[in-house]
2 protein chains.
Amino acid sequence: MRSDAPTAAPPPQGDARERLVAAATDLFGRHGVRGTTVKMVAEQAGVSPALVIHHFGSKEGLRAACDRRLAEQLRAMKTSAMADSPALYIPRASAGMDDSRPLLRYLARVLVDRSPEVDALVDEIVDDAVVYTQQAEDAGWIVPSADRRARVVVLTLWSLGALVLHEQLDRLLGVDLLDEGGDILPYLQTSVEIFTDGLMTPEAAALLTAPEKGSS
Amino acid sequence: MRSDAPTAAPPPQGDARERLVAAATDLFGRHGVRGTTVKMVAEQAGVSPALVIHHFGSKEGLRAACDRRLAEQLRAMKTSAMADSPALYIPRASAGMDDSRPLLRYLARVLVDRSPEVDALVDEIVDDAVVYTQQAEDAGWIVPSADRRARVVVLTLWSLGALVLHEQLDRLLGVDLLDEGGDILPYLQTSVEIFTDGLMTPEAAALLTAPEKGSS
DNA sequence: CGTAGGACTGACTGAACGTTCAGTCAATAG
DNA sequence: CTATTGACTGAACGTTCAGTCAGTCCTACG
């Protein structure tokens, strides 16, 4: 064979099992699980579709394997990041890891098309963020909250939401959260500005939390 | 099985065309476009699959019709809401409209599986939010920003991101953005707290915007 | 009345999909 | 050597799906 590369896939390496999970993560992330066929995955991994079933039992089994690898790798990169704020978790976490693009793209997809593994992973992220936020609060970097966990949940989901909508963010702001070499400063600076200066004046906040009674 | 009501669909009303678009919006939002068959849509609308093609040419044509209706209805409900903050746009907008659940669920899905119509709709939302934010700033409700548009984009995407991840938000905080009678106060209060009190102390912000030079 | 046209359907088709299956090949063990 | 096992494949199978087609029903209009 003379080194055929039909897609823009990296040259296959590792054993077939690893290659399949990597290809599936990439393709699932790009086209969604339903939009990806086992044939596509097999081709990108350089094997036959039948081998996918041989190793993982079914397409769903392959997805489960991707979920496990996602959880594993995300756990590995988590400690280094997140120390600051859960809202900046993703851009900071990804910066610490090579080749995290397909992984994060897969995460973005699978956050919507949920699975038990991903739900558990989100729980973990929130739990960790609670701890780190507590520490940051003790250190005087973060202001206290009326409901610490609720705030972490909201911030985490805003951050993950921005990841899920990374295509829109790229379109509107020119910031690609999945482009490792890319410039995410506009997003970062804007986030930090909101988190330091705040957004609303006290009067406006009063209007919102105690709005007019009854409907319009 | 007698009197089969396979799904919890409302009794069909209106002409077939309207019923089809409504059914498609509902099912596309619930299972994604790819996870919905034209047969499912036809059944929920009480017609035959062939009629879907007759009216819309293709499944993609049906989706385009859903996009058009989404844009139309969202335009109708927009003026009443958003006056406060783009970050609270969705929960406030939906409050002003009956039966907005399927529509917003469809929006949440289609924000990820993009289409030209949806991209244009997002642009519109951002443009409108810029205007309203400007007014709120002039009125003294919102603090100024170094980059007004960038801030609006980030806030809008956080808000839409929370909508896209509404299942996770419901799971983690017990707040269902798509449940019209539901209690979204925990989400609202937390958001307002962040937007008024801020999140980070000035020292922490300084560390983030001017981080260590060079990579690790 | 007749006929033209749109709404609508049941039966069908070709393609694509996940999965099965029989079997090849290479490596390892006895 | 034979036996066994696991990775791996080509060819097929059964199913599902979007889309086609011929034709029926209903309504409007001459």
Side-chain angles (χ1 to χ4, degrees), chain A residues 1-7 9 11-69 106 109-110 113 115, chain B residues 4 6-7 9 11-69 106 109-110 113 115:
Chain A
M1 64 214 84
R2 57 200 70 183
S3 77
D4 55 338
T7 63
Q13 51 183 359
D15 74 344
R17 235 189 123 90
E18 293 171 22
R19 261 161 33 219
L20 278 170
V21 176
T25 298
D26 182 42
L27 291 170
F28 285 167
R30 269 213 279 254
H31 311 110
V33 177
R34 269 200 141 94
T36 303
T37 69
V38 310
K39 188 183 164 201
M40 289 162 67
V41 176
E43 266 176 13
Q44 190 160 119
V47 298
S48 72
L51 190 65
V52 177
I53 308 300
H54 173 70
H55 277 306
F56 304 99
S58 66
K59 185 184 181 181
E60 185 54 37
L62 175 61
R63 195 212 139 129
C66 290
D67 283 349
R68 281 194 300 272
R69 198 182 74 127
Y106 177 73
R109 278 278 179 183
V110 98
D113 292 350
S115 78
Chain B
D4 54 338
T7 63
Q13 52 182 0
D15 74 343
R17 235 189 124 91
E18 293 172 23
R19 265 163 27 220
L20 278 171
V21 175
T25 299
D26 182 43
L27 292 170
F28 284 168
R30 269 215 279 253
H31 311 110
V33 177
R34 268 201 143 95
T36 303
T37 68
V38 311
K39 189 183 163 199
M40 290 162 66
V41 176
E43 266 176 13
Q44 188 160 120
V47 297
S48 72
L51 190 65
V52 176
I53 308 301
H54 173 69
H55 276 305
F56 303 100
S58 68
K59 186 184 180 180
E60 186 54 37
L62 175 59
R63 193 212 141 128
C66 290
D67 283 349
R68 279 194 300 273
R69 200 183 72 128
Y106 177 73
R109 278 279 179 183
V110 98
D113 291 350
S115 77

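The model shown is predicted, which means the values in this text are computed figures rather than measured ones. Chain letters run A, B, ... following the sequence lines, proteins first, then strands; residues in each count from 1.
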ask   = Between C:dC8 atom P and B:Glu43 atom CD, what is the distance in whole Å?
value = 17 Å

A:Glu18 CD - D:dA7 P separation (whole Å) = 13 Å

query = Mapping A:Val38 and B:Arg17 onto DNA chain C by nearest heavy atom, which one lands closer to the 5' end?
reply = B:Arg17

ask   = Who pairs with B:Arg69 by side chain to side chain donor-acceptor pair (under 3.5 Å), at least two apart in sequence or on another chain?
value = none

message = Test of understanding: with side-chain contact (heavy atoms from CB on, under 4.5 Å), list the residues that count as partners of A:Arg34, not counting sequence neighbours.
response = B:Arg34

request  = Indicate yes or no: does B:Asp113 engage B:Arg109 in a salt bridge with an N to O separation below 4.0 Å.
outcome  = no

ask   = Residues two or more places apart in sequence or in another chain: which of them pass side-chain contact (heavy atoms from CB on, under 4.5 Å) with B:Ala23?
value = B:Val41, B:Gln44, B:Ala45

request  = Tell me whether the OP1 or OP2 atom of D:dG6 has a side-chain N or O from A:His55 closer than 4.0 Å.
outcome  = no

task = Starting from the first five and the last five pairs of the helix from C:dC1-D:dG30 to C:dG30-D:dC1, work out the angle between the resulting helix axes, to 10 degrees.
result = 10°

ask   = What are the two closest non-hydrogen atoms of B:Ala42 and B:Val52, and how far apart are they?
value = CB-CG2, 4.1 Å

What are the atom names and distances for every N/O pair under 3.5 Å that joins the protein to nucleotides 9-16 of chain D?
from	atom 1	to	atom 2	distance (Å)
D:dT9	OP2	A:Ser48	N	2.8
D:dT9	OP2	A:Ser48	OG	3.0

request  = May I have all residue pairs that pass salt bridge (Lys or Arg N to Asp or Glu O under 4.0 Å) and include part of residues 55-68 of chain B, sequence neighbours excluded?
outcome  = B:Arg63-B:Asp67

inquiry  = Rounding to an integer number of Å, can you tell me how far B:Lys39 NZ sits from C:dT9 C1'?
reply    = 15 Å

message = Restricting to non-hydrogen atoms, name the atom on B:Phe28 and the atom on B:Val33 that form the minimum distance, rounded to 0.1 Å.
response = CD2-CA, 3.7 Å

query = Rounded to whole angstroms, how far apart are CG on B:Asp15 and P on D:dT27?
reply = 15 Å

request  = To the nearest 0.5 Å, tell me how far B:Tyr106 OH sits from B:Leu27 CG.
outcome  = 12.0 Å

message = In whole Å, I'd like the distance from the CD1 atom of B:Ile53 to the P atom of C:dG6.
response = 19 Å

